[in-house]
Amino acid sequence: MSQRTLPLLIINLGGEMIYILDQRLRAQDENDDKTQRGRWTDDDRKRVMNDIVGTMFSKAFLGELLPPQDLYSHRALRTVLTRIAHASIMRLNPASMDKLYDLMAMAFKYQIVLCPRPQDLLLITFNHMDTIKELVKDNPSLVNQINEAQRQLIEVYTPLSDGEFQLLRHTLLVLFQDMQIRVSIFLKEKIQNPNGHFVLQTSGPVPCGFEVPGLIRWFNAKGREVRRTRFLSGGSYTSATHQASFDLSGDRVTLLGTNMYNTPSPKDMDPSTTSNSTNKPKQADTTPNPLATEELNLLAKLMGGMEVQKLSNVDPGFKVNLLTLDQEDEGIGISEETEHQSSRVINIQATQDQLASTELERIAGEFDEGGSPTEEPGNKGDDLLGMMDEL
């Protein structure tokens, strides 16, 4: 088992979490009535993104993350990622976070399975970091934090040998081997079977430095080639285009690790699709992917209303030890209402059958004297289900 797996795992899972939250908050801002008080705005979205990114790439957190150490369990990973999410004004209960974790894990597992060579795990990580930098580009301090984290990753991982990268990839595959959760966006694109297994592509360019399969060469004892034999490889492979960049910026060649909720299709992330762009930074396509909506709606069904609670005499700062995992009980970090909370806290409550609960509330409201249920003014994101569905 590789001792260098944890940093790549946390950063990639955190990147997928940021993709989902950003896409949901953008959809809420586009669909809400701007004239109503307490609704999500673009400033709220930026605040959430800045808080989460600032925590995930903080110097203290990376200092605990980068030293060689054993891999965490899924339960410990959920706890760490929950606390990263709670660095913002967002609050998720265990059911919501479990569903969100499943989406993150399956997306990253798909990227691990499809990367053509073990070294591409670093390119996948850099794609996540490049996209996150684009999301917080208005905050130079956060961009510098991400750049510094990327420099540390380059320093730690580029000297690793092919065998060490293979061990790292194997460690990740062992971690995710029992996770076979069906994801609707993958099922619709026919890149995942109904049993949860991914479909591997047999086409596309080979990695840089490799030859197209289909040729067997025979050598004698002196190392001279004496015979060649051709065979059908069973796929449509092409030669590599060019070497990917492992620097702070540049063409990563692969699209694995980019935001699949803003790209045309997850199929574009398989090895058969390469980036034809130059070394200029990629401009993110902000058009929501309709195929991603289906899977995110599953998360929405587990989430209830969002409330903003205005607390007095509280410390507006956020301070939490993200790596203290000795309190991993089911409710950890979910419903804590302490003096360390932000002045505006959004609580996301989840139920097992949100649709049924909503219908029962509607029926009960018809029996009220006023004829309709009361509504509190000023609540930000009164209906998270609406936020999730109104795309």
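Since the model is a prediction, treat every value here as computed from it, not as a measurement.
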**Request:** Determine whether the side chains of Glu164 and Gln119 contain a donor N or O and an acceptor N or O closer than 3.5 Å.
**Result:** no

**Asked** Does a donor on one side chain and an acceptor on the other come within less than 3.5 Å for Gln180 and Asn195?
**Response** no

**Message:** Assess the residue pair Ile124 and Cys115 against the criterion (side-chain contact (heavy atoms from CB on, under 4.5 Å)); give the C-alpha distance rounded to whole Å, side-chain angles, the decisive distance to 0.1 Å, and a yes or no.
**Reply:** CA-CA 8 Å; Ile124 293 173; Cys115 67; 4.0 Å; yes

**Item:** salt bridge (Lys or Arg N to Asp or Glu O under 4.0 Å) against Asp22, all qualifying residues, sequence neighbours excluded
**Value:** Arg26, Arg45

**Prompt:** Regarding His197 and Gln192, is there a side-chain donor-to-acceptor distance under 3.5 Å anywhere?
**Reply:** no

**Prompt:** salt bridge (charged side-chain N to carboxylate O under 4.0 Å, His left out): which pairs involve residues 103-118, sequence neighbours left out?
**Reply:** Arg117-Asp120

**Within residues 228-249 or reaching into it, pairs that qualify as salt bridge (charged side-chain N to carboxylate O under 4.0 Å, His left out) - sequence neighbours excluded** = Glu225-Arg228

**Request:** Write down the atom of Gly15, the atom of Met56, and the distance for their closest heavy-atom approach.
**Result:** N-CE, 4.3 Å

**Message:** Does anything in residues 127-157 form a ring-ring contact (aromatic ring centres under 6.0 Å, His included)? List the pairs, not counting sequence neighbours.
**Reply:** Tyr19-His128

**Message:** My understanding is that a hydrophobic cluster links ILVMFWY residues whose side chain heavy atoms are under 4.5 Å apart, including indirect links. Using that, what else belongs to the cluster containing Ile216?
**Reply:** Trp218, Val226, Phe231

**Message:** Please enumerate all residues that pass salt bridge (Lys or Arg N to Asp or Glu O under 4.0 Å) together with Arg78, with sequence neighbours excluded.
**Reply:** Asp98

**Request:** With side-chain contact (heavy atoms from CB on, under 4.5 Å) as the test, would you mind laying out the steps for Val136 and Ile146 before giving the verdict?
**Result:** CA-CA 10 Å; Val136 297; Ile146 299 173; 4.0 Å; yes

**Prompt:** Tell me, which pairs form a salt bridge (charged side-chain N to carboxylate O under 4.0 Å, His left out) where one or both residues lie in residues 138-156, sequence neighbours left out?
**Reply:** Lys46-Asp138, Glu148-Arg151

**Non-neighbouring partners of His170 that pass side-chain contact (heavy atoms from CB on, under 4.5 Å), sequence neighbours left out** = Val174

**Complete:** Across all chains, not counting sequence neighbours, the side-chain contact (heavy atoms from CB on, under 4.5 Å) partners of Ser236 are Ser203

**Asked** Any link between Met1 and Leu9 through a network of hydrophobic side chains (Ile, Leu, Val, Met, Phe, Trp, Tyr) touching at under 4.5 Å?
**Response** yes

**Request:** Kindly give the cluster partners of Leu167, where membership spreads through any ILVMFWY side chain lying under 4.5 Å from a current member.
**Result:** none

**Prompt:** Going by distance alone, is a donor N or O of one side chain under 3.5 Å from an acceptor N or O of the other, for Asn127 and Thr258?
**Reply:** no

**Message:** Suppose we screen for ring-ring contact (aromatic ring centres under 6.0 Å, His included). Which residues come up paired with Tyr101, at least two apart in sequence or across chains?
**Reply:** His74

**Asked** Within the distance-only criterion (no hydrogens, no angle test), does the side chain of Ser245 pair as donor or acceptor with the backbone N or O of Ser249 below 3.5 angstrom?
**Response** yes

**Pairing residues for Ser141 by the side-chain hydrogen bond (donor to acceptor under 3.5 Å, both in side chains) criterion, not counting sequence neighbours** = none

